[in-house]
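Here is the structure we will look at.
Quick caveat: nothing in here was measured; it's all calculated off a predicted structure. Computed from heavy atoms alone, side chains included, the values below leave out hydrogens, waters and symmetry copies.
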Amino acid sequence: MNQTVEGRIPVLDVGPMLEGVPGAMDALAASIARSCRDTGFLVLANHGVPQALADGCFEAAARFFALPEEEKLALKVGMLNLGFLPTGAQVIRTSTVNHNTKPNLNESFYISRDYAADDPDIVAGKPFIGLNRWPPGLPGFREATMAYYTAMQALAQRMLPAFAVALGLAPDYFAEDFTDPSCTLRLIRYQPQPEAEDNRFGFAPHIDTNFITFLAQSALPGLEVRTREGTWLRPPAIPGTFVVNTAEMLGRYSNDRFAPTPHRVVNASNQMRYAIPFFFGPGNDAVITPVPSCVSETEPAKYAPLRYLDHRRKLNQTNFAHRQQAGETVA
Ligand SMILES: O=C(O)CCC(=O)C(=O)O
Ligand SMILES: [Fe+2]
């Protein structure tokens, strides 16, 4: 693997943009545009999210996965991807870069916006929203994970104008589609995989299906990014930064100018590896349509308008083995 990522996955200081320094937005947007056209990965420094929040979330993840298996299985995901997804339940079947045949060597816990049971949208049974499934025996778990979730949603919203400007659009172009964004915090524990095995991954090559993803730096390496030439790079592992990657919906909005980049995880260490990706996506009712600045007579729209809710429904049916096993009861 090529370890020199010089320039391919740049470290961007977002402090000046967040502080509103004149010219900072345009400079940042230019850097974002460059790396989104290349690797689709970048690293954010000076983002303003206290490291204690990421640390608290990592610690919460470690405490959750250390619970006895039956306590975790009591929170197993149901029709919605909220709660515990055990090892072996996910084979990424939609990847275009690898024929994935073996389940990922990871277990996950999914958290979304923390609705109250009497929220009108919950009461009305609105599709694709649901109640988080909290472990009863873990004091502070909900607080730590939601504190991280809330801070990450705020950061993602503040980054949105930079991605719009990077596409040659007005800073508020995406605002309406993201007024009620679809956010997911996924806690992941990767078991050690000290000996390589053919086609076996902690997380098989895949693209993310949301808009952009934020990854707090894990304590252990393992994440690898596939360049357009087909080599695998490791993003700079600078403590306190976020690795950000573009995902499928940004690819669609940008008519493939910012195409999502396949990535994978192999935890070759002899310890558990933890990750806490935060997935930022448009609202369920948003209709994703290639933006005007990326469509022209010579570059016609490659995608028909797509409602995010329909995209999520389709994914749900494709990727998750637990839903394909006939007869299984879902919570
Ligand atoms: O564990 C990581 O570093 C990456 C996880 C990831 O790619 C994902 O959850 O989509
Ligand atoms: Fe991913």
hydrophobic_cluster_shared for L44 and F279, side chain cutoff 4.5 Å: no
When you compare the side chain of V43 with that of I9, does any pair of heavy atoms fall below 4.5 Å? yes
Using the test side-chain contact (heavy atoms from CB on, under 4.5 Å), find all partners of A29 that sit at least two apart in sequence or belong to another chain. V165, A166
Considering only heavy atoms from C-beta outward, does the side chain of I288 approach that of P305 to under 4.5 Å? no
Under 3.5 Å, side chain of Y190 to main-chain N/O of M272, donor-acceptor pair present? no
Would you check if the distance from the ring center of F278 to the ring center of F242 is below 6.0 Å? no
Under 4.5 Å side-chain linkage, directly or through intermediates, the cluster mates of Y303: none
Is it true that M159 and M152 fall in one hydrophobic cluster, defined by side-chain heavy atoms closer than 4.5 Å? yes
Look up atom OG1 in T261 and atom CD1 in I207, then write down how far apart they are to the nearest 0.5 Å. 9.0 Å
Taking R133 for the side chain and K76 for the main chain, is one N or O donor matched with an acceptor at less than 3.5 Å? yes
Check whether any side-chain heavy atom of V291 sits under 4.5 Å from a side-chain heavy atom of F174, and report yes or no. yes
Look at the aromatic rings of F84 and F65 and report parallel, tilted or perpendicular, splitting at 30° and 60°. tilted
One pair to check against side-chain contact (heavy atoms from CB on, under 4.5 Å): D208 and E248. What are the steps and the verdict? CA-CA 6 Å; D208 293 354; E248 200 179 344; over 6 Å; no
Are Y148 and Y274 connected in the hydrophobic side-chain network, where two residues link if heavy atoms are under 4.5 Å apart? yes
Side chain proximity check, L82 to V77, heavy atoms < 4.5 angstrom: no
Apply side-chain contact (heavy atoms from CB on, under 4.5 Å) to the pair S112 and L80, showing each step before the final yes or no. CA-CA 10 Å; S112 78; L80 298 173; over 6 Å; no
Using the benzene-type ring in the case of Trp, are the ring centres of F163 and Y253 under 6.0 Å apart? no
So, taking the atom named CD1 in I32 and the one named CE in M25, what distance separates them when rounded to the nearest 0.5 Å? 8.5 Å
Please lay out, stage by stage, how L215 and N245 fare under the test side-chain contact (heavy atoms from CB on, under 4.5 Å). CA-CA 8 Å; L215 282 157; N245 65 278; 4.2 Å; yes
Measure the spacing between CD of Q217 and CD1 of I238 and express it to the nearest 0.5 Å. 7.0 Å
Results of side-chain contact (heavy atoms from CB on, under 4.5 Å) for A301 - residues two or more places apart only: P290, V295
If I compare all heavy atoms of N106 with all of G202, which pair ends up nearest, and what's the gap? ND2-O, 2.8 Å
Minimal non-hydrogen separation, Y308 against G283, with atom names: CB-O, 3.4 Å
Has the side chain of N104 got a donor or acceptor atom that lies under 3.5 Å from a matching backbone atom of A204? yes
Nearest non-hydrogen partners of R234 and P221, listed with the distance: NH1-CB, 3.8 Å
Say you draw a straight line from OG of S182 to CE of M249; how long is it, rounded to the nearest 0.5 Å? 11.0 Å
May I have all residue pairs that pass side chain to side chain donor-acceptor pair (under 3.5 Å) and include part of residues 152-165, sequence neighbours excluded? none
Should L155 and M146 be regarded as members of a common hydrophobic cluster, given that ILVMFWY residues are connected when their side-chain heavy atoms come within less than 4.5 Å of each other, either directly or indirectly? yes
Does L250 offer a backbone N or O that forms a donor-acceptor pair with the side chain of S254 under 3.5 Å? yes
Using a 4.5 Å side-chain heavy-atom cut-off and chaining through intermediate ILVMFWY residues, the residues clustered with I129 come out as Y115, I122, L131
Check the side chains of T39 and S35 for a donor-acceptor pair under 3.5 angstrom, ignoring hydrogens and angles. no
Scan residues 114-129 for pairs that pass salt bridge (Lys or Arg N to Asp or Glu O under 4.0 Å), counting only residues two or more places apart or in two chains. D114-R142, D121-K126
Answer yes or no: is there an ion pair linking D38 with R228, defined by an N-O contact shorter than 4.0 Å? no
Check: N267 and F201 side chains under 4.5 Å, non-hydrogen atoms: no
Run the side-chain contact (heavy atoms from CB on, under 4.5 Å) test against E70 and tell me which residues pass, sequence neighbours left out. P68
Between N132 and Y110, is there a side-chain donor-acceptor contact under 3.5 Å, judged purely by atom types and distance? no
Heavy atoms only: give me the nearest A117-V123 pair and the separation to one decimal. O-CG2, 3.8 Å
R257: what forms a side-chain hydrogen bond (donor to acceptor under 3.5 Å, both in side chains) with it, not counting sequence neighbours? none
Check whether S293 reaches the backbone of L167 with its side chain - one donor and one acceptor, N or O, closer than 3.5 Å. yes
Value for CG (D13) from CG (L28), rounded to nearest 0.5 Å, stands at 9.0 Å
side-chain contact (heavy atoms from CB on, under 4.5 Å) against T145, all qualifying residues, sequence neighbours excluded: C57, A60, I111, W134, F141, L185, L187
In short, salt bridge (Lys or Arg N to Asp or Glu O under 4.0 Å) pairs touching residues 282-311 with sequence neighbours left out are D256-K302, D285-R307, R307-D310, D310-R313
Evaluate the side-chain proximity of T209 to H311: yes if any heavy-atom separation is below 4.5 Å, no if none is. yes
Are any side-chain N or O atoms of R273 and backbone N or O atoms of L220, one a donor and one an acceptor, separated by less than 3.5 Å? yes
Is L75 linked to L85 within one hydrophobic cluster, defined over Ile, Leu, Val, Met, Phe, Trp and Tyr using a side-chain heavy-atom separation of less than 4.5 Å? no
Taking only residues at least two apart or on different chains, which pairs with a member in residues 55-64 satisfy salt bridge (Lys or Arg N to Asp or Glu O under 4.0 Å)? none
Determine which pairs satisfy salt bridge (Lys or Arg N to Asp or Glu O under 4.0 Å) with at least one residue from residues 188-198, sequence neighbours left out, and list them in order. K102-E197, E107-R189, E197-R200
NZ-CG distance between K72 and L67, expressed to the nearest 0.5 angstrom: 7.0 Å
Tell me if a side-chain donor or acceptor on R264 pairs with a main-chain N or O of L223 at a distance below 3.5 Å. no
Do the side chains of R37 and F258 get nearer than 4.5 Å, heavy atoms only? yes
Check against side-chain contact (heavy atoms from CB on, under 4.5 Å), I276 and R186: CA-CA 6 Å; I276 52 170; R186 181 178 185 176; over 6 Å; no
Can any side-chain N or O of N255 pair as donor or acceptor with the backbone N or O of C294 at less than 3.5 Å? yes
Any side-chain heavy atom of L73 within less than 4.5 Å of one from P86? yes
Walk me through whether F178 and F211 qualify under ring-ring contact (aromatic ring centres under 6.0 Å, His included). CA-CA 10 Å; F178 288 79; F211 183 78; 4.9 Å; yes
Tell me if the aromatic rings of F214 and H47 count as close, with their centers under 6.0 Å from one another. no
So, for F109 and F64, is the gap between ring centers shorter than 6.0 Å? yes
